[in-house]
Amino acid sequence: MPKEDKNEQKALTKRSDDFSQWYQDVIVASDLAENAPVRGCMIIKPYGYALWENIQKEIDAILKDMGIENAYFPLLIPESYFKREADHVKGFSPELAVVTHGGGKKLEEPLVIRPTSETIIYDAFSRWIHSYRDLPFVVNQWANVVRWEMRPRLFLRTTEFLWQEGHTAHATAQDAKEYALMILDKVYKKFAQEYLAIPVFTGQKSESEKFAGALSTYCIEALMQDGKSLQMGTSHDLSDHFAKSFHVQYLDDSGERKFVHQTSWGVSTRLIGGIIMAHGDDKGLIFPPKIAPIKFVIIPICKNADEPAMSAAKEIFAIVSKIGKGKLDERLNLRAGEKFYEWEKKGVPVRIEIGPKDLEKKSCVIVRRDTGEKESCPIDAIVARIQEILDDIQKNLYARALEKRDASIKIADDWIGFTAGIEKGGYVFAYWCEEAKCEEEIKEKTKATSRCLPFDGKEEKGEHVCVHCKKPVANKKRWVFAKAY
RNA sequence: CGGAGAUUAGCGCAGUUGGUAGCGCGCUUGGUUCGGGACCAAGAGGUCGUGGGUUCAAAUCCCACAUCUCCGACCA
């Protein structure tokens with residue numbers, strides 16, 4: 001068999017040929033996860049879980065810095081709890097998994113496997129909160145949830161997924177709204193941009209896109225390389241909707257009994273799907289250094305374990321490990337080339353090669369994953385240089401993603417411009433009447449939906465009409481539209 | 001829930017006049033290789049999705065069922 005054919009077999013599907021297939025190929029080839037025996041469920045493999053642990057660690061640190069504590073609530077929730085909040089039950093009923101039997105007997109009341117924990121947490125809040133002095137009340141939990149989705153996709157929409165969900169109670173509507181916005185900006189936007197190197201729009205969801213039971217939903221939205229948008233996190237202003245259903249009340253400083261105003265907010269393993277699709281290339285994953293499970297890999301070029309290149313590699317590994325978690329690939333049964341491909345697929349930001357030729361010069365070869373650039377670096381300068389390159393990759397990935405995102409933005413003032421813009425992929429900014437029926441029609445015609453009303457949108461003077469139905473709109477800001485995951 | 005496809009070794013697959021299963025990758029052992037996906041030799045590995053039926057004989061023909069995957073509508 002000719003060599004080219006063999007490599008062809010090992011190569012990933014190209015993004016330009018079939019993005020969806022590329023996505024699945026990358027996940028399997030990089031050893032992040034695989035499908036489980038049960039439809040829609042995934043096995044997160046050690047490399048994928050290490051990534052999730054890093055995400056978790058950083059977000060958890062940000063939350064803890066804000067004084068937010070973790071707790072854990074049960075997986076099983078009495079079915080009746082879901083029925084207490086009308087919009088909530090309506091929104092979640094179709095996707096609930098329900099336990100009807102336990103210990104060989106039919107249960108008196110079926111138990112819902114949590115799709116989200118508002119109901120059971122606020123039931124606890126109703127017992128825990130008594131006074132305005134208890135507010136704001138804030139708790140976070142890291143947990144798994146189950147939603148019986150019709151169309152699962154690894155990381156993006158799995159039946160069971162991992163997430164954090166924060167829940168708060170406040171004295172006033174204003175406090176709750178401010179808190180929901182603060183979390184979106186100071187936690188989710190910050191994390192997406194500074195750690196994941198993914199630029200996001202922050203904004204408010206339309207009525208039809210908001211969380212079941214919320215007054216308003218705020219979100220971060222990011223562009224994937226196929227031109228679709230991914231909702232990467234949400235923060236909900238729940239107003240007093242759940243407080244009224246679950247009787248979460250407090251006495252204010254004048255002794256008056258009042259309902260609390262609440263928020264809930266979450267990010268999930270979907271973030272991993274976002275990282276893959278925002279940064280990956282035809283060679284595989286590219287991880288931002290700040291959350292990469294392995295920040296650098298050292299590959300000694302040698303035949304036997306007792307060669308100088310191996311001992312030099314070990315020494316370098318020891319000193320570079322000060323920077324963070326790395327990997328020394330000591331395997332002697334694989335050739336260097338195969339190792340290069342493997343770690344590229346896995347998205348390791350920096351590769352260090354050390355062989356006889358380098359040893360003569362007291363240097364080593366450094367290759368960065370984002371650009372593929374190779375350079376020779378003196379061994380005694382290596383720690384500083386690797387750190388510099390990691391920082392630069394982090395910046396470059398963000399800059400690259402931002403450029404793609406901004407290049408995808410189209411301004412549309414009429415229907416022809418709108419459809420042409422959506423057709424090209426990416427974001428279209430347009431005025432919209434905000435009516436559900438109009439949004440449905442837009443979706444039917446173009447497959448695009450409103451992603452959000454961005455917070456940093458500019459107000460434009462003059463009279464504006466809806467890009468689809470041409471009704472006059474009161475809003476002076478444009479909505480962001482895109483096809484979405 | 002619609003449409004399509006699949007189910008045979010760990011993975012990817014082949015297997016029609018019906019006769020009890022094979023290839024590639026991977027794995028194990030030995031040897032030669034080793035700066036971008038090496039090669040040779042030997043070896044291990046299978047209730048052919050489930051249940052029925054036809055037949056002397058079924059991976060193969062017939063019936064039923066189950067599950068999974070992909071593409072759409074639904075959603076973090």
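Computed from a predicted structure; not experimentally measured. Numbers restart at 1 for each chain; the letters A, B, ... are given by sequence-line order, proteins then strands.
Remark: A:Glu441 engages A:Lys437, A:His468 in a side-chain contact (heavy atoms from CB on, under 4.5 Å) (not counting sequence neighbours). Every salt bridge (Lys or Arg N to Asp or Glu O under 4.0 Å) that A:Lys210 has, sequence neighbours left out, goes to A:Glu207. For A:Glu315, the side-chain contact (heavy atoms from CB on, under 4.5 Å) test picks out no residue, with sequence neighbours left out. Under the side-chain contact (heavy atoms from CB on, under 4.5 Å) criterion, A:Arg331 pairs with A:Asp329, A:Asn333, A:Leu334, A:Lys339, A:Glu342, A:Trp343, not counting sequence neighbours. For the salt bridge (Lys or Arg N to Asp or Glu O under 4.0 Å) test, residues two or more places apart in sequence or in another chain that qualify with A:Arg351 are A:Glu344, A:Glu353. Qualifying ring pair (Phe, Tyr, Trp, His ring centres under 6.0 Å) partners for A:Tyr485, counting only residues two or more places apart in sequence or in other chains: none. Residues passing the salt bridge (Lys or Arg N to Asp or Glu O under 4.0 Å) test with A:Arg369, sequence neighbours excluded: A:Asp281. Annotation: side-chain contact (heavy atoms from CB on, under 4.5 Å) contacts of A:Cys364 (sequence neighbours excluded): A:Ile352, A:Ile354, A:Ile382. In terms of the salt bridge (Lys or Arg N to Asp or Glu O under 4.0 Å) criterion, residue partners of A:Lys314 (sequence neighbours excluded) are, by chain and number, A:Glu330.
Taking atom CG on A:Leu154 and atom C1' on B:rA76, their separation rounds to 15 Å, with Å as the unit. Look at CG on A:Asn35: it is 17 Å from P on B:rU7, rounded to the nearest Å.
Ion pairing of A:Arg385 with A:Glu375 is present here, as a side-chain N (NZ or NE/NH1/NH2) and a carboxylate O approach within less than 4.0 Å.
Of the residues in residues 213-227 of chain A, none lies under 4.0 Å from RNA chain B by heavy-atom distance. Within residues 358-368 of chain A, the residues approached by RNA chain B to less than 4.0 Å at the level of any non-hydrogen atom are A:Asp358, A:Val365, in residue-number order. RNA chain B lies under 4.0 Å from at least one heavy atom of each of the following residues of residues 297-319 of chain A: A:Ile301, A:Lys303.
Under the stacking definition used here (centres under 5.5 Å, planes under 30°), the residue A:Phe161 qualifies as stacked on the base of B:rA76. With centres under 5.5 Å and a plane angle under 30°, the ring of A:Tyr341 is stacked against the base of B:rG37.
In a base pair of the Watson-Crick type (N1 to N3 plus N6-O4 or O6-N4) or a G-U wobble (N1-O2 and O6-N3), with each distance short of 3.5 Å, B:rA4 is matched with B:rU69. Searching all strands for a Watson-Crick or G-U wobble partner of B:rG43 with both distances below 3.5 Å returns B:rC27. In this structure B:rA64 sits in a base pair with B:rU50, meeting the Watson-Crick or G-U test at under 3.5 Å.
Across all strands shown, A:Arg351 has heavy atoms under 4.0 Å from base atoms, whether or not it also approaches the sugar-phosphate.
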